[in-house]
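In what follows, a single structure is set out as structure tokens and then discussed.
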Amino acid sequence: MSLRFDFSAPAVAALAQADAARALQEDVADGDLTASLVDPGRRAHARVLAREAAVLCGAPWVEATVRQLDPQARIRWLCGEGERCAADQTVLEIEGTARALLTAERTALNFLQLLSAVATKTAVYADAVRGTRASIVDTRKTLPGLRLAQKYAVRMGGGVNHRIGLYDAVLIKENHIAAAGGVAAALRAVAPVAQRAAFVEVEVETLAQLREALEAGARMVLLDNMDLPTLREAVRINAEAGEDRKAVLEISGGVTLEGLRTLADTGVDRISVGALTKDVKAIDFSMRFQEG
């Protein structure tokens, strides 16, 4: 496993190819029994419509799905990746063999509706904190097997990725601290793996733990389930530590859209939201076929 997924266009395309192949195997296996009733030489034209406003996301996965079934299919996007589409807008036109489009339909839409849902929800949260210093950050609360795809969607919606998995960064949480014997002890223990980590973050639950973390050299601190007065005091303590000792401050726990702006106005740097990838409602897209 590489240290970080770079989310470059080639890397995303390769990821989409792998995800689409796995999804098609799950859905099609050794053949689409219903599509086999259609003349193999028949061609069709399909339009994909958004039934509600959304941030469109998932184009690489849709294209990978269609082209694994019909490499010569013609695909034309009428809404760009990461752009906002309106209800009842045609976002995509596809021309190819009827059998391929019929077989690809559900898998392609599954990717499009899920990833657009994540991007759309992220955009709502990012819009809510616009003008503050806070970024909206995802978590590891993702669908098994689709973590990278969902984290890509968060980026398309204007959010920021946290660690990809347990292998690429260090997040010292409550149980790690208890097992190590305290915040400072846990931070000292991280030294052997620090060079392999994209970052080292420590979770604190009290202002005393925050001071201990800053004194121990922490450069990223997760403020867990703190009330507003405590959060404001944490920001003040961090600022007084000085530029060479202050940490990036992140809020976690109990974050709701309704209270998001108030949290951001405390002056923290990041707000992590598990709901971006965990509590998502699929965006409604439909595919309509016409003979071509």
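All values below come from the heavy atoms of this structure, side chains included, with hydrogens, waters and symmetry mates left out. What you see is a predicted model, and the numbers here were worked out from it, not measured in a lab.
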**Message:** One thing to verify: whether R147 and D168 come together as a salt bridge, which I'm taking to mean a side-chain N less than 4.0 angstrom from a carboxylate O.
**Reply:**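 Looking at D168 and R147, the cut-off is not met.
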**Request:** Answer yes or no: is there an ion pair linking R236 with E240, defined by an N-O contact shorter than 4.0 Å?
**Result:** yes
Any donor-acceptor pair under 3.5 Å linking the side chain of [X] with the backbone of [Y]?
X: Q68; Y: Q17; answer: yes
X: T120; Y: V55; answer: yes
X: E83; Y: C79; answer: no
X: S272; Y: I251; answer: yes
X: Q113; Y: A282; answer: no
X: E250; Y: L223; answer: no

**Request:** Nearest 0.5 Å please: distance from the NZ atom of K141 over to the OG1 atom of T277.
**Result:**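 Answer rounded to 0.5 Å: 8.5 Å.
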**Message:** Rounded at 0.5 Å granularity, tell me how far CG in L276 sits from NZ in K151.
**Reply:**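 So the CG of L276 and the NZ of K151 are separated by 9.5 Å.
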**Message:** Using the rule salt bridge (Lys or Arg N to Asp or Glu O under 4.0 Å), only one of R261, K121, R84 pairs with D127; which is it?
**Reply:**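 Result for salt bridge (Lys or Arg N to Asp or Glu O under 4.0 Å) with D127: R84.
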Are the side chains of [X] and [Y] in touch, meaning some heavy atoms are under 4.5 Å apart?
X: R270; Y: H162; value: yes
X: M220; Y: V200; value: no
X: N161; Y: F7; value: yes

**Request:** Apply the test side-chain contact (heavy atoms from CB on, under 4.5 Å) to residues Q150 and L114: give CA-CA distance (whole Å), side-chain angles for both, the deciding distance (0.1 Å), then the verdict.
**Result:** CA-CA 8 Å; Q150 286 193 280; L114 169 66; 4.2 Å; yes
**Message:** Below 30° counts as parallel, above 60° as perpendicular, anything between as tilted: where do the rings of Y152 and W61 land?
**Reply:** tilted
